[in-house]
> 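Quick one: the structure is below, and I'll ask about it shortly.
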Amino acid sequence: MSKINNFFKKFSKFQGPIFAIIFMILNITGFVITFINNKTLSVFWVILSIISSFLLYRFYTNSKNNIKNLSDYYSGRVGIGQMSALDHMPIGAIILDRNGTIEWANKNIINFFNNEDILGKKIVQISPELSEQIGKNIDNQESVEIILNKTLFSLQVQQNGNAIYLLDLSDSQKYKILLEKNKIFNGIISVDNYEEIVQDISDSEGAQIRAYISTVLNKWAEDYELYIRRLNADRFIFFGYNGSLEKLEKEKFQIIDEIRKDSSKQNLPLSLSIGVASGIHDLNKLSDSALSNLDLAQGRGGDQVVIRDDNGSARFIGGNSNPMEKRTRVRARMIEKAISDLMRNADNVLIMGHKNPDLDSIGAALGVWRLSEKNNKTAKIIIDTDSNINYEIKKIIDLKNKENKEKEIDSPFVDIEKAKQLIKKNSLLILVDHSRPAISTDQSIVNMLSSKIIIIDHHRVSDDPFPEKPLLFYSEQYASSTSELVSELLSYEDLRKSPITKIESSAMLAGIQLDTKGFTQNAGSRTFDSASFLRSMGADNKLILDITKVESNNLIEKAKLLAKTNVDKNIAYVVGENHNPYDLIVTAQVADELLKIKDVDASFVITRREDGNVGINARSNGKINTQIIMEKLGGGGSLMNSAAQIESTNIDNALELLKNIVKENKED
């Protein structure tokens with residue numbers, strides 16, 4: 001059947017000539033027949049054939065012209081309708097010729113260009129910006145957003161650049177902005193030091209403080225069109241629209257500074273922490289996120305705001321004051337019991353500090369190792385033997401290995417590969433002196449034991465979550481060091497069967513001395529209690545002095561770095577030689593020394609590291625938050641003691657980047 005159809009389709013193309021031939025054959029045949037029978041009749045036949053042929057030709061040509069005219073008529077009607085529709089549609093349309101000359105444009109485009117006579121002109125003359133965008137997107141099948149005369153358009157280029165369509169997105173953008181501003185956000189406020197403030201005052205004074213907090217917060221909520229309610233004595237919940245949140249962020253949540261300054265005048269300084277979540281449609285998840293952000297704010301020392309959108313990234317505001325100590329011995333005792341229970345229920349214990357461990361990291365690790373020994377649980381401290389371990393840590397490791405060998409006890413230290421072989425189904429991983437998986441000695445082990453992790457740390461918590469929530473997170477930014485926290489946990493143990501050795505106690509005391517700069521910074525009453533406990537356990541100052549002695553080449557290197565000091569207003573900078581790697585201990589000591597310069601509030605030492613990266617050591621006297629600055633470079637730490645490392649081939653580029661961040665931080 002298809003063959004027959006194809007035949008007739010081909011036949012239709014030649015039907016005119018075929019009918020003409022048939023007509024001629026019939027005329028000739030008729031002429032021959034009439035000529036044979038009657039010559040006179042044949043003459044009439046010829047005249048009739050000529051007349052009929054002429055009439056048939058006229059009929060054929062007239063019919064063809066009528067069909068063409070009818071087709072043109074309806075095509076014109078359709079074209080006019082399309083042009084009219086384009087004129088009235090909320091879209092701009094332009095037709096260009098091959099040379100970029102405007103052949104036609106609808107009313108929207110003509111109005112956009114102020115009714116200018118644009119027909120016949122090149123598009124580059126009318127709008128160089130539009131001409132450039134057309135050139136960029138001539139092969140682009142998708143529409144793109146562009147800005148012309150401060151108006152947002154969606155541009156689509158078709159037919160190799162001959163047809164241009166512009167959709168005005170201004171109205172849709174306005175509705176989008178309006179929708180975003182009318183989304184609900186949730187916030188939770190906590191008075192960080194409420195319990196510490198009210199425990200030493202009378203009930204009537206406590207009632208006055210609660211009334212003061214409620215009055216100030218209610219007025220604040222009214223000013224920003226928020227709904228706020230008290231949950232308990234020291235916690236409030238509030239809701240609002242994103243438009244109000246934008247205003248609060250712009251003004252840096254001034255309520256925190258306002259309450260702290262006003263209450264300080266009464267010698268009762270109140271510190272607020274606020275967790276805010278937005279952009280989440282599920283109200284349960286929104287509230288959970290706000291609570292999680294509050295925990296993060298308090299984990300970073302309080303007196304700050306943590307805001308998180310639905311994209312998961314957190315923004316920090318505040319946190320420029322020193323955290324107030326609010327640890328209690330009851331909490332420490334509960335933590336000690338919880339850790340001991342988890343140890344006893346584990347197959348074995350692995351202990352890990354941060355990369356390039358310092359005295360606090362190794363001291364805390366040895367303290368946790370002793371705690372596991374007391375609970376009759378096998379434990380190992382993971383050391384990266386392939387890294388450049390500084391001489392202080394090497395001395396402690398050698399002394400501890402020698403001590404254990406004399407007692408015929410296995411070394412407490414293992415390398416990374418051996419540690420992986422020791423991992424069992426119910427192994428317990430304890431991370432000390434850090435709470436960021438990225439800076440762990442080995443992150444792969446963290447991932448392998450992600451559901452069996454305990455964290456003991458004293459740094460401000462960063463927005464760098466673990467794969468799973470840790471079994472226990474003991475992070476006290478109010479403590480001077482992790483060694484202080486661990487020694488306090490050990491003080492609640494009965495150590496008669498497994499006493500702390502001279503090396504272990506000395507290592508922990510050295511860690512405390514390192515992080516307190518010889519008990520001159522961040523040293524509270526609990527710090528001295530821990531130091532006293534360690535001294536009673538045999539910590540030896542002479543041994544600590546021997547461990548921390550500086551090698552002659554390091555002393556010379558330190559002096560060379562100090563000679564490069566450059567003080568810019570209240571900040572001291574030191575930049576090492578670009579291709580010369582420096583010892584980490586030396587750079588840290590130089591950063592400490594720079595704070596001794598008069599009127600210097602912060603110091604930054606930038607040097608090349610052994611691994612090829614650029615390291616930055618930051619110190620502060622408390623007036624400048626070095627943690628916020630270092631976090632913007634991918635690092636972290638605490639308000640007065642932070643660090644970061646970045647990839648850079650030129651150390652001067654790192655200095656310029658750092659100065660820009662310091663400048664931004666001052667402006668904020």
Side-chain angles (χ1 to χ4, degrees), residues 174 176-194 212-232 234-264 269-283 285-321 323 460-463 625 627-629 631-632 664-668:
K174 290 176 185 176
K176 183 178 179 181
I177 293 172
L178 185 62
L179 178 63
E180 287 297 322
K181 286 189 175 182
N182 284 326
K183 284 184 178 179
I184 293 177
F185 75 89
N186 178 212
I188 302 177
I189 302 173
S190 177
V191 184
D192 298 320
N193 55 341
Y194 177 79
Y212 162 74
I213 296 172
S214 295
T215 301
V216 174
L217 289 179
N218 285 329
K219 177 64 169 58
W220 169 74
E222 183 180 342
D223 292 341
Y224 290 90
E225 299 178 339
L226 307 174
Y227 172 85
I228 190 167
R229 282 292 179 270
R230 182 193 287 272
L231 296 177
N232 50 44
D234 62 347
R235 187 161 290 194
F236 296 78
I237 188 170
F238 63 97
F239 292 90
Y241 295 112
N242 279 357
S244 297
L245 179 58
E246 289 178 7
K247 187 176 179 182
L248 286 166
E249 280 197 77
K250 186 177 180 181
E251 298 177 2
K252 305 296 181 184
F253 274 82
Q254 292 179 354
I255 186 65
I256 293 180
D257 294 332
E258 180 184 335
I259 286 184
R260 184 179 63 251
K261 290 177 181 177
D262 287 348
S263 59
S264 295
L270 295 169
S271 168
L272 299 185
S273 288
I274 304 177
V276 176
S278 66
I280 302 174
H281 296 290
D282 189 318
L283 292 179
K285 292 181 179 179
L286 184 71
S287 297
D288 289 343
S289 179
L291 185 59
S292 175
N293 293 337
L294 176 64
D295 291 340
L296 179 56
Q298 292 180 320
R300 290 167 57 86
D303 189 38
Q304 60 188 281
V305 185
V306 176
I307 306 166
R308 197 188 303 269
D309 298 324
D310 55 346
N311 60 12
S313 61
R315 303 188 297 279
F316 305 101
I317 297 174
N320 294 314
S321 64
R460 293 193 178 198
V461 180
S462 66
D463 184 31
N625 191 334
Q627 181 197 18
I628 292 176
I629 296 171
E631 281 182 338
K632 291 180 179 179
E664 291 174 4
N665 189 61
K666 283 185 176 180
E667 291 173 353
D668 291 341

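Computation of the quantities below employed the complete heavy-atom set of this structure, encompassing side-chain atoms and omitting hydrogens, waters and symmetry-equivalent molecules.
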> Would you compute the distance between atom CZ of F236 and atom CG of L226 and round it to the nearest 0.5 angstrom?
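Answer rounded to 0.5 Å: 13.5 Å.
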> What verdict does the side-chain contact (heavy atoms from CB on, under 4.5 Å) test give for L270 and Y212, after you've listed the backbone C-alpha separation in whole Å, the side-chain angles of each residue and the deciding distance to 0.1 Å?
CA-CA 11 Å; L270 295 169; Y212 162 74; 4.1 Å; yes
> Rounded to the nearest 0.5 Å, what's the gap from CZ on R235 to CZ on R230? Could you check?
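Going from CZ on R235 over to CZ on R230, the span is 13.0 Å.
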> Rounded at 0.5 Å granularity, tell me how far CG in L217 sits from CD1 in I228.
4.5 Å
> Run the side-chain contact (heavy atoms from CB on, under 4.5 Å) check on L248 and W220 step by step: do they pass?
CA-CA 10 Å; L248 286 166; W220 169 74; 3.6 Å; yes
> Would the distance check show the side chain of N186 and the main-chain N or O of F238 forming a donor-acceptor pair, the cut-off being under 3.5 Å?
yes
> Taking NZ, NE, NH1 and NH2 as the nitrogens, is one of them in D288 or K285 under 4.0 Å from a carboxylate oxygen of the other?
no
> Using 0.5 Å steps for rounding, measure from the CD1 atom of I213 to the OG atom of S263.
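Between I213 CD1 and S263 OG, I get 8.5 Å after rounding to 0.5 Å.
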> Could you tell me whether a side-chain N or O of N193 sits under 3.5 Å from a main-chain N or O of S271, the two making a donor and an acceptor?
yes
> Side chains of D192 and S273: donor-acceptor distance under 3.5 Å anywhere?
yes
> Tell me whether E246 contacts the main-chain N or O of S244 through its side chain, where contact means a donor paired with an acceptor under 3.5 Å.
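The answer is no, because no donor-acceptor pair under 3.5 Å joins these two groups.
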> If you count the non-hydrogen atoms of other residues, nucleotides and ligands that lie under 6.0 Å from CD in E249, is the total more than 12?
yes
> Nearest heavy-atom pair of N232 and D234: which atoms, and what distance?
OD1-OD1, 2.7 Å
> Of all the heavy-atom pairs spanning A314 and V306, show the shortest one and how long it is.
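Distance-wise, the nearest heavy atoms are CB-CG1, 4.1 Å.
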> Would you check if I259 and I255 make a side-chain contact, meaning some heavy-atom pair closer than 4.5 Å?
yes
> How many angstroms lie between CD1 in I317 and CD1 in I628, if you round to the nearest 0.5 Å?
10.0 Å
> Just do the side-chain contact (heavy atoms from CB on, under 4.5 Å) check on E225 and Y241 with the steps written out, would you?
CA-CA 8 Å; E225 299 178 339; Y241 295 112; over 6 Å; no
> Any heavy-atom pair between the side chains of F185 and I307 that's under 4.5 Å?
no
> Does the side chain of I188 come within less than 4.5 Å of I274's, by heavy atoms?
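They are not in contact (no side-chain heavy atoms under 4.5 Å apart), so the answer is no.
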> If you define the side chain from C-beta out and look only at heavy atoms, does anything of R315 sit under 4.5 Å from D309?
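Counting from C-beta outward, R315 and D309 do come under 4.5 Å.
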> Does N293 reach the side chain of F316, with side-chain heavy atoms less than 4.5 Å apart?
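Side chain of N293 against side chain of F316, heavy atoms only: no contact under 4.5 Å found.
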> At what distance, to the nearest 0.5 angstrom, does CZ of R229 lie from OG of S214?
11.0 Å
> Keeping the roles fixed (side chain from S289, backbone from A277), state whether a donor-acceptor pair exists under 3.5 Å.
no
